[in-house]
Asks: 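The following block contains the structure, expressed as structure tokens.
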Protein chains: 2
Amino acid sequence: MNPSLNLEQLLASIPHFDQASADAAQARQNTLTKPQGSLGDLEKLSIQIAGITANLQAPVEPAGVVLAAASHGICEEGVSAFPTEVTAQMVGNFLNGKAAINALARNAQAEVFVVDAGVGPSCPDDAQLHQLGFGKGTANFAQQPAMTAEQAQVIIERGAAFSKKLCQQGIRMISLGEMGIGNTTAAAAITAVITDSSPSTTTGRGTMIDDATWNHKVAVIENAIAKHLPDATDAIAILSSFGGYETGFLCGCILGAAACRMPIILDGYPTTSAALLAALLHPGIEDFIIAGHCSTEPGHRLALDHLGLSPLLKLSMRLGEGSGATLAIPIVRAAVACLNEMATFEEAAVAGKAK
Amino acid sequence: MNPSLNLEQLLASIPHFDQASADAAQARQNTLTKPQGSLGDLEKLSIQIAGITANLQAPVEPAGVVLAAASHGICEEGVSAFPTEVTAQMVGNFLNGKAAINALARNAQAEVFVVDAGVGPSCPDDAQLHQLGFGKGTANFAQQPAMTAEQAQVIIERGAAFSKKLCQQGIRMISLGEMGIGNTTAAAAITAVITDSSPSTTTGRGTMIDDATWNHKVAVIENAIAKHLPDATDAIAILSSFGGYETGFLCGCILGAAACRMPIILDGYPTTSAALLAALLHPGIEDFIIAGHCSTEPGHRLALDHLGLSPLLKLSMRLGEGSGATLAIPIVRAAVACLNEMATFEEAAVAGKAK
């Protein structure tokens, strides 16, 4: 994959899931010194990784956390419990290494790549920050489309190029994260349209809004869907209607990682809404995606089910930042380690099942 | 705790869960840069660790895996799909570093301590193996008690002394594992008696036995309970009735770890049956225990519910060896890392919740 590929070229460059490697991993699992299937989801995960990477002994280290932040014009409608400036402040916290994702990434021995996908003028100016030049974030989608169709396409291409760059730098697995006050509102709108669900079922409490704010959030989304009416199969139309820029960027990261045969781990609702968009652009991309966890946002479960993905962790988390995805990194490594490092019954001279 | 304490002295030496440290951890969680409660079960875990260790900045590294193996006389009744010699063969595999637990422990950066709690004459003779001198394992509990009451007490004391020794060596967290063909039969008998449940609800498929073997396994357990009829509140009577030696050893490890204020992580059904015994001996020990995962053995869920423990992982695993417990080690470390390494809202100058 060439980093400068446009969207059409990018989609054409995504390889097939390698069923032959997956089958070989399954066959190897059946010979290892344990009752067949007894490592449960770890076995399935090792088989999926073999298919993604087309490699029975896939390296999944080092891992990187792509943490994309952006501001959301929809916050003007009062849909969040936190003020919008928290997005920029938290970017500063990420860069200082003092947020939850930093502690979790250190614990998982993964490097954090913080991306400014349109945070706005208060965003810290820091050499560690990856700037995309998307300005102050999306427009208020209650009033107008969050972005233009051209911007939607470009932000996806930028995400894909970023995955490709990390792969070239030697990263072998990515966990996805986001920060953007208001972005569960965008995720709820995207999920409602793509899964053909009522906003009342796709809308959650985000950062724990009260009942009145929740009712208002649902109404804002219902009205916005009625206003923009995007085709439920047109990812560019849906992304440009509701945003955010980080959603589009993460959608591109997913496509770009698949193009590089690099496993990618979803975090919560916003990253999963990015995966819904990626699956519209490239059906079958689900095979390349690992669901890190299921958050307490009700729409997240709905989106994962739509994608046919089963989450590794269910720990009642609802933070974002890539926290759940990054917590899953050691589990993915463990799955690969078991496949690669265990002896077979024959090698270890252990007797098999008697009956 | 003195390593040579007898059981009565050991039980008297176990401290209270330190509620003041737990409360301080909860208060700190509420000031960290995230919506309150948004790290879900990770927050609860960090609070529990503070209470166990009586330390807000508890070190939980390095971690050790205590993997106790023993043979079970009940295998004479044909209750398992694997021949009994597999126990000794798997001990060899553990010592060679080629079993699932070895791969998982390396991945979690934890050292594996393999304990011969009565494997028998075919057990490898290896300097790395911790020998207890319990010979060839338990008697066939369909015919006679698995061990004497004195042996039951001594094996528990040996387990407690082992935890204490690891603590003195600098280990700060233990995950528990076991190997013993036939030991889910012992776990099912122990769980049936302690939770007052029918053996048909506490008996699972173990290493995937067929229907006929399962029916036979249930009948063997029913008959043995009727034969020995241990008092459901008498841990020594229950352990001596059904065994195994590794179950008693792991029960002692749990008590000894609590006496040292060291967090301990349960694995599957046999380790959880050891925790049921520990909770009979010392009510309140549950506060010191972390449930690493829930296996596919139906009785495991029942035993965890009886203890009031919520498992961190549910990955359809059913291997034992400490596999699920060890997979949970990075999650426990992550919980502690978030508590210790995150900035507060004030330190990071991040705005709080607006409404």
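Chain letters run A, B, ... following the sequence lines, proteins first and then strands; every chain starts at 1.
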Asks: What parts of residues 324-332 of chain B touch chain A if we use heavy atoms and a cut-off under 4.5 Å?
Replies: B:Leu327, B:Pro330, B:Ile331

Asks: Who wins among A:Ala88, A:Ala348, A:Ser295, A:Ala100 for the most heavy-atom pairs under 4.5 Å with chain B?
Replies: A:Ala100

Asks: Rounded at 0.5 Å granularity, tell me how far OG in B:Ser323 sits from NZ in A:Lys34.
Replies: 11.0 Å

Asks: Can you name the closest pair of heavy atoms from B:Phe82 and A:Pro35 and give their distance?
Replies: CE1-CG, 4.0 Å

Asks: With a 4.5 angstrom heavy-atom cut-off, could you sort out which part of A:Asn96 is near chain B: side chain, backbone, both or neither?
Replies: neither

Asks: Please rank B:Cys338, B:Ala108, B:Gly320 by heavy-atom pairs under 4.5 Å with chain A and give me the top one.
Replies: B:Cys338

Asks: Using non-hydrogen atoms and a 4.5 Å limit, figure out which bit of A:Ala334 sits close to chain B: side chain, backbone, both or neither.
Replies: both

Asks: Could you go through B:Lys353 and A:Met208, starting from their C-alpha distance and side-chain angles, then the distance that decides it, and tell me whether this counts as side chain to side chain contact (heavy atoms under 4.5 Å, CB included)?
Replies: CA-CA 9 Å; B:Lys353 201 166 170 174; A:Met208 292 297 104; 3.4 Å; yes

Asks: Can you tell me if B:Glu341 uses its side chain to pair, donor with acceptor, with the backbone of A:Asn102 under 3.5 Å?
Replies: no

Asks: Specify which of B:Ala103, B:Ser38, B:Ala335 makes the most heavy-atom pairs with chain A at under 4.5 Å.
Replies: B:Ser38

Asks: Okay, side chain of A:Lys98, backbone of B:Glu347: is any donor-acceptor separation there less than 3.5 Å?
Replies: no

Asks: Taking atom CD1 of A:Ile101 and atom OG1 of B:Thr33, what is their separation to the nearest 0.5 Å?
Replies: 12.0 Å

Asks: Using a cut-off of under 4.5 Å on heavy-atom pairs, state which of A:Leu32, A:Leu39, A:Asp41 scores highest against chain B.
Replies: A:Asp41

Asks: If I measure from the heavy atoms of chain A, does B:Leu312 come under 4.5 Å with its side chain, its backbone, both, or neither?
Replies: both

Asks: Under a 4.5 Å cutoff for heavy-atom pairs, which residue among A:Glu321, A:Glu85, A:Arg106 has the most contacts with chain B?
Replies: A:Arg106

Asks: Please classify the contact between A:Asn107 and chain B as side chain, backbone, both or neither, with a heavy-atom cut-off of under 4.5 Å.
Replies: side chain

Asks: Using a 4.5 angstrom heavy-atom cutoff, name the option from A:Lys44, A:Gln36, A:Gln89, A:Met90 with the most pairs to chain B.
Replies: A:Gln89

Asks: For B:Glu43, is it the side chain, the backbone, both or neither that has a heavy atom under 4.5 Å from a heavy atom of chain A?
Replies: neither

Asks: Heavy-atom distance under 4.5 Å to chain A: side chain of B:Lys314, backbone, both or neither?
Replies: backbone

Asks: Report the residues that fulfil salt bridge (charged side-chain N to carboxylate O under 4.0 Å, His left out) with B:Arg333, sequence neighbours left out, ordered by chain and then residue number.
Replies: B:Glu61

Asks: Checking B:Leu313 against chain A: side chain, backbone, both or neither under 4.5 Å from a heavy atom?
Replies: side chain

Asks: Are any of the side-chain heavy atoms of B:Leu42 and A:Met317 separated by less than 4.5 Å?
Replies: yes

